[in-house]
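Structure first, then comments.
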Amino acid sequence: MIDKQHIIDRFISYVTIDTESDPNSDTTPSTEKQWELAHKLTKELIAIGMKDVSIDNNAYIMATLPSNVDYDVPTIGFVSHFDTSPDFTGKNVKPRVIENYDGKDIALNAEENIILSPSYFEDLLLYVGQTLIVTDGTTLLGADDKAGIAEIVSAMEYLINNPDIKHGEIKVGFTPDEEIGRGAHKFDVEKFGADWAYTMDGSQIGELEYENFNAAEAKIKVKGKIVHPGYAKGKMVNSMYYATEFINTLPRLETPEHTEGYEGFFHLYSIEGKVEETNLRYIIRDHDKDKFEARKALMEKIVVDLNTKFEAEIFDIEIKDQYYNMKEKVEPVKHIVDIAEEAMKSLGITPLIKPIRGGTDGSQLSYMGLPCPNIFAGGHNFHGRYEYVPVESMQKAVEVICKIAELTALKNDEQ
């Protein structure tokens, strides 16, 4: 097993570097600060002995671990992203290591009374007696997906240092901007050269996923007219009031806080408004392609209906697809999921095969010709101050990576 302190130190060295991405930027990476970790990772891959280490002009990192067997084995890959979500600040992350968690409340920040409690986050009770890494309550942690990166680098290092473990050629890839839906946009699948890959970007230990949401973003612009409020009767058009008409016309219970499993949703994640103009930003999600298309059509219909109702072109909408359900591309090569499932079971991990209520680089990569299921990285409560990761889950993820590589080689040796 990978040394516990070694993976803790590696993970903390990553999360203390701010790599928050920016959806309003049109550069790749979307923020200049992502380059700091990108360059660090490139140097680290070279230092542990990886071959063909490269970083391109958009900060996409690739490296190769050569095969150590003398027969043909499919080339497999492992992928993670190094940006963190703009949903919550990733600046000045101060991780805290809690040994032998006792199952009680954790005071993340006593001064501000920020408590990580199993009474609210019941999954904490799965990790009693284990080592947790938590935040100080003022930032996210960055386990999404720096835990995945730490696991991939640690697994490659372990395989290099333990050549008795047989494996074929292994590719690793680290991407920017996954959190804003652009992580795979400039990923060179042909250069990567893998037959299939796995993203290490899931949550709870045991997660194994090959279904994800179909995803789109909607931008609604609501136009108003500003007039001096003392003389506004019959003249002022307050765009913020009209924006609420749009919000309230959508199904109220089809939102993230009211849905689970295969249920889709509309998620209003940003409002910026003044009398003259209000801008709403939504994400649209559904596993079922037909329902996904129906959700987009509903939003467009609401815009038409409201403009008709108010006899003015007050509302304007722009919808852009972001990614699609990888199931369509993975099911024809389902053996790649079976190998991961077998690897987990052989290590005493119960596979949790379920749909992702989100997306990963793997969803886009699957449509780019690189089938790419998703495996747990171990973290919980992503994108906020209550994020944490059990170190033992990261250790197990390292073991799963190594076991997948070994099983892939063994299965081809048998042939």
Pairs flagged by salt bridge (Lys or Arg N to Asp or Glu O under 4.0 Å) wherever residues 239-251 is involved - sequence neighbours left out: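 Residue pairs passing salt bridge (Lys or Arg N to Asp or Glu O under 4.0 Å), neighbours aside: Glu245-Lys309.
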Can you list every salt bridge (Lys or Arg N to Asp or Glu O under 4.0 Å) pair that touches residues 348-372, not counting sequence neighbours?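 Output for this query lists Glu207-Lys354.
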Could you check whether Tyr269 and Tyr282 have their ring centres less than 6.0 Å apart?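 No: the rings miss the under 6.0 Å criterion.
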Test of ring centre spacing under 6.0 Å for Phe192 and Phe187: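 That pair passes the under 6.0 Å test.
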Donor-acceptor pair between [X] and [Y] side chains, under 3.5 angstrom:
X	Y	result
Glu157	Asn161	no
Thr131	Lys4	yes
Arg10	Ser154	yes
Thr42	His39	no
Thr75	Glu169	yes
Glu263	His287	no
Ser117	Asp105	yes
Tyr262	Glu211	yes

Among residues at least two apart in sequence or on other chains, which ones pass side chain to side chain donor-acceptor pair (under 3.5 Å) with Asp188?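 Asp188 satisfies side chain to side chain donor-acceptor pair (under 3.5 Å) with no other residue.
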Using the side chain to side chain donor-acceptor pair (under 3.5 Å) criterion, which residues pair with Ser366? Sequence neighbours excluded.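 With sequence neighbours excluded, Ser366 shows a side chain to side chain donor-acceptor pair (under 3.5 Å) to no residue whatsoever.
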Find the distance between [atom1] ([X]) and [atom2] ([Y]) and round it off to the nearest 0.5 Å.
X	Y	atom1	atom2	result
His167	Ile401	NE2	CD1	13.0 Å
Ile404	Glu399	CD1	CD	12.0 Å
Ile160	Asn162	CD1	CG	10.5 Å
Tyr386	Ile115	OH	CD1	8.0 Å

Any [X] side-chain heavy atom under 4.5 Å of [Y] side chain:
X	Y	result
Ile48	Met50	yes
Ile302	Leu250	yes
Pro373	Ile336	yes
Val333	Trp196	no
Asn325	Phe213	no
Tyr210	Lys334	yes
His267	Pro256	yes
Ile8	Ile12	yes

Taking all heavy atoms of [X] and all of [Y], pick out the closest pair and write down the distance.
X	Y	result
Ala340	Tyr198	CB-CE2, 4.0 Å
Arg182	Ser30	NH2-CB, 3.6 Å
Ile283	Gln322	CG2-OE1, 4.5 Å
Ile284	Ala218	CD1-CB, 4.1 Å
Leu370	Ala194	CD1-O, 3.4 Å
Ala243	Thr278	CB-CG2, 3.8 Å

May I ask you to say whether [X] pairs ionically with [Y], meaning some side-chain N is under 4.0 Å from a carboxylate O?
X	Y	answer
Lys221	Asp316	no
Lys33	Asp18	yes
Glu293	Lys296	yes
Lys219	Glu272	no

Assess whether salt bridge (charged side-chain N to carboxylate O under 4.0 Å, His left out) is satisfied between Lys289 and Glu328, documenting all intermediate values. CA-CA 11 Å; Lys289 189 67 179 290; Glu328 178 182 332; 5.9 Å; no
With side chain to side chain donor-acceptor pair (under 3.5 Å) as the rule and sequence neighbours excluded, what pairs involving [range] come up?
range	answer
residues 228-238	none
residues 49-65	Ser54-Lys191, Thr64-Lys171
residues 106-116	none
residues 142-153	Thr19-Lys146, Ser80-Asp145, His81-Asp144, Asp144-His383

Not counting sequence neighbours, which residues clear side-chain contact (heavy atoms from CB on, under 4.5 Å) with Ala143? List them please.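 Phe11, Leu141, Ala147, Phe382, Glu387, Val389.
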More than 12 foreign heavy atoms under 6.0 Å from [atom1] of [X]: is that the case here?
X	atom1	result
Lys104	NZ	no
Tyr120	OH	no
Lys94	NZ	yes
Gln130	CD	yes
Lys274	NZ	no

What residues form a ring pair (Phe, Tyr, Trp, His ring centres under 6.0 Å) with Tyr127, not counting sequence neighbours?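 Partners of Tyr127 under the ring pair (Phe, Tyr, Trp, His ring centres under 6.0 Å) test: His380.
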Check residues 132-140 and write down every donor-acceptor pair under 3.5 Å in which the side-chain atom is one partner and the other belongs to a residue at least two apart or another chain.
{"from": "Thr135", "atom 1": "OG1", "to": "Gly137", "atom 2": "N", "distance (Å)": "2.9"}
{"from": "Thr135", "atom 1": "OG1", "to": "Arg385", "atom 2": "O", "distance (Å)": "2.6"}
{"from": "Asp136", "atom 1": "OD1", "to": "Thr138", "atom 2": "N", "distance (Å)": "3.0"}
{"from": "Asp136", "atom 1": "OD1", "to": "Thr138", "atom 2": "OG1", "distance (Å)": "2.7"}
{"from": "Asp136", "atom 1": "OD2", "to": "Thr138", "atom 2": "OG1", "distance (Å)": "3.3"}

Which atom pairs, donor and acceptor, lie under 3.5 Å between side-chain atoms of residues 344-351 and protein residues at least two apart or in another chain?
{"from": "Lys345", "atom 1": "NZ", "to": "Glu341", "atom 2": "OE2", "distance (Å)": "3.3"}
{"from": "Ser346", "atom 1": "OG", "to": "Glu342", "atom 2": "O", "distance (Å)": "3.4"}
{"from": "Ser346", "atom 1": "OG", "to": "Ala343", "atom 2": "O", "distance (Å)": "2.7"}

Pair Asp22-Thr31, side chain to side chain donor-acceptor pair (under 3.5 Å): steps then yes or no: CA-CA 6 Å; Asp22 177 7; Thr31 50; over 6 Å; no
Quiz item: cation-pi between Lys40 and Tyr14, 6.0 Å / 45°: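 Judged by the rule (NZ or CZ under 6.0 Å from the ring centre, within 45° of its axis), Lys40 is not positioned above Tyr14.
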Are Arg285 and Phe292 in a cation-pi setup, meaning NZ or CZ lies under 6.0 angstrom from the ring centre and within 45 degrees of the ring axis?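 That pair does not qualify as a cation-pi contact.
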